[in-house]
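These notes are about the structure you will find just below.
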Amino acid sequence: MATGVNFIEKAIKLALGEHLSKQEVSAQYEKGVAIRYLDLPPGKISAIEHLDKAKALVGVELLSLFIQPGDIIKPLVNHTQRAGFVISCAATKEDAIAVANTSLAQLKICYES
């Protein structure tokens with residue numbers, strides 16, 4: 001995303017004994033990429049709103065939630081308990097961070113009273 005080079009693909013090629021040219025592993029461009037996590041307060045989720053709006057924001061590459069209505073959010077103890085994440089890409093790191101934060105801010109997570 002940030003460089004135009006698929007490093008996983010290149011690692012597989014190397015593992016298979018294939019030669020990689022300098023051009024294949026050279027950056028095609030430089031962009032900023034950010035990941036931000038959705039950490040929520042404890043409670044029972046009643047609804048998740050504006051998910052499509054959050055995903056449609058220009059620069060959002062992936063927005064994934066691990067929660068759904070009816071789930072009970074417990075106090076966060078470790079990273080495996082995060083409610084979701086967003087990955088964004090933009091011209092600069094700062095812009096990518098802003099896109100990711102804006103995307104998560106679009107979400108409305110409703111709790112049961």
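Remember, predicted model here, so these are calculated numbers, not experimental data.
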Taking a hydrophobic cluster as the set of Ile, Leu, Val, Met, Phe, Trp and Tyr residues connected by side-chain heavy atoms closer than 4.5 Å, whether directly or through intermediates, do Ile35 and Leu57 fall within one such cluster?
no
Qualifying side chain to side chain donor-acceptor pair (under 3.5 Å) pairs, either residue in residues 7-19, two or more places apart
Lys13-Glu24
Ile45 side chain near Tyr111 side chain, heavy-atom distance below 4.5 Å:
yes
Inspect the surroundings of CD in Glu30 and state if more than 12 heavy atoms from other residues, nucleotides or ligands are less than 6.0 Å away.
no
To the nearest 0.5 Å, atom CG of Leu63 lies from atom CG of Leu104 at 6.5 Å
Would you say that Ile109 contacts Ile73 through its side chain, given a criterion of any heavy-atom pair below 4.5 Å between the two side chains?
no
Are Ile87 and Leu107 connected in the hydrophobic side-chain network, where two residues link if heavy atoms are under 4.5 Å apart?
no
Heavy-atom nearest pair, Ser88 first then Val99, reads CB-CG1, 3.7 Å
Is there a chain of hydrophobic side chains (I, L, V, M, F, W, Y, each step under 4.5 Å between heavy atoms) that links Leu65 to Val60?
yes
When rounded to the nearest 0.5 angstrom, what is the spacing between CG in Leu62 and CZ in Phe85?
4.5 Å
Can you establish whether the number of heavy atoms outside Gln28 located under 6.0 Å from its atom CD is more than 12?
yes
If you count every heavy atom of other residues, nucleotides or ligands that lies below 6.0 Å from Leu16 atom CG, does the total exceed 12?
yes
Contact list for residues 93-109, test side chain to side chain donor-acceptor pair (under 3.5 Å), sequence neighbours left out:
Lys53-Gln106, Thr92-Asp95
Any Pro69 side-chain heavy atom under 4.5 Å of Ile48 side chain:
yes
Ignoring hydrogens, what is the shortest heavy-atom contact between Ala96 and Ala90? Give both atom names and the distance.
N-CB, 3.5 Å
When you compare the side chain of Ile67 with that of Leu40, does any pair of heavy atoms fall below 4.5 Å?
yes
So does Cys110 get a backbone contact from the side chain of Ser46, meaning a donor-acceptor N/O pair under 3.5 Å?
yes
Is there a path from Val5 to Met1 through hydrophobic residues (I, L, V, M, F, W, Y) whose side chains come within less than 4.5 Å of each other?
no
Which residue pairs satisfy the side chain to side chain donor-acceptor pair (under 3.5 Å) criterion with at least one member in residues 57-70, sequence neighbours excluded?
none
